[in-house]
Amino acid sequence: MTTLLIQNAYIVTMDDRQREIPAGGLFIRDGFIEQVSATRALPSTADAVLDLTDHLVLPGLVNTHHHFYQTLTRAIPAAQDANLFTWLTTLYPLWARLLPEDIFISAQTALAELALSGCTTTADHLYLFPNGARLDDEIAAAHEVGLRLHAARGSMSLGASQGGLPPDAVVDSAEAILRDSQRVIEHYHNPRPGAMVQIVLAPCSPFSVTPDLMKQSAQLARQYGVHLHTHLAETEDEVQFCLRKVGQRPVGYMQDVEWVGEDVWFAHAVWVQDEEINVLAKHHCGVAHCPTSNMRLASGIAPVQAYRAAGVNVSLGVDGSASNDGSHLLAEVRNALLVARVKEGLTGYSLSNDPTRTLMTAREALALGTRGGAAVLGRQDIGSLARGKCADFCAINLNRLGFTGMHDPVAAVVFGQPVNVDYTVVAGKCIVKEGHLVTVDARQVAEKHHKAAKRLLHAS
Ligand SMILES: [Zn+2]
């Protein structure tokens, strides 16, 4: 039995009552929260005590879409100024050279960046397994860094010779994909509260996977009670591809292959019509909104406010580090707020006198990155600070130049320049302390990663 006491912080609970507690604290026992209240109402001692005077404490941020391996191919000149399909066809041949140790070091890099940005739980979507690479390689990296991982076993089965986008060299047979999917579920998936690893099945996208594999993956996932994830309606190109190939728009195609339900979440979902938003709401599907990636690749702006109004669970994703070029989840919260306002502007907000038409607030944006993430991943034990939840949180010291003159401590961290956090705590254990990673050596990780990235680019 170990206990941890957090004192004197501004606590943002994101609980059902949206409580905020100035001079508040947490009492934690064995990795779970036992009490959230004013500091004076908490026990006065514990095995470890952390005074967080002048700090804002948020529930740990939850990242619901990423491709860790892409940290190795950031800002490649030929892919800097391209739309999704051109960007992908430029990068597929490089990704075909990935080795198992590249998967490990890129995962450590992305996880370290995420931890420094306040993230405590992350999904990752790995859909290429060249040269003996396995999902196990990134699970090992998450174990070392100490974040909770929803490892999505991705796949591609529709190569260029069959009308798909990826070259045949990076696709696998359905049989091999399903066999390995079953292996990782049986070996790693933990459905219990406090789980550090869960497995997700995640065929990559409509333009890289056959309809049969979509259906078979859904059957296998439901047999084991694991979630399903894929890219959907990311670009207008993809909508045209689906219409040509399967005679349906992306959401209709998902209905055809039985990919709707509360166990399914989609990355992006930018190009949807009103009736498709209603389909996602009716079936309780989740959406991982990735605003930076959508801006970077000129994909468009997801209708997040319309999703929220319809009751769709929306979360945030930094997306792969080659379509964002960073893994900063707090920056994603800020971009979600800003791009939602751009969308309002494009639809006549400034001319509207309708008082019911409101802009996304800082607290709503933070809710996407916390509660929203937990809902989309199907986790009851994370996403807010409340009795019985996992002791996952981040803390930001508000005594900084960039926060002076801010009149609202919560809005400060969203409206202000995104900062690295001072503390990231997972299950009561410090991953980041006083602004530094404590579980891995950030400099060593960066050095190894830099070497791997150079080798990958210049290997022939
Ligand atoms: Zn993606």
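By convention here, the first residue in the shown sequence is residue 1. Counting starts at 1 for both ligands and their atoms, in listed order. All of these numbers come straight from a predicted model, not from anything done at the bench.
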Regarding Arg153 and the six-membered ring of Phe129, is the cationic atom NZ or CZ under 6.0 Å from the ring centre and inside 45° of its axis? yes
Can you confirm whether or not the ring centre of His289 sits under 6.0 Å from the ring centre of His268? no
Atom NZ of Lys433: over 12 foreign heavy atoms under 6.0 Å: no
Verify whether the ring centers belonging to Phe207 and Phe85 lie closer than 6.0 Å. yes
Do the ring centers of Tyr127 and His67 come within less than 6.0 Å of each other? yes
For the Zn ion (ligand 1), which protein N/O/S atoms fall under 2.8 Å? Skip waters. His65 NE2, His67 NE2, His231 NE2, Asp319 OD1
For Glu364, give me all partners under side-chain contact (heavy atoms from CB on, under 4.5 Å), at least two apart in sequence or on another chain. Arg308, Met360, Thr361
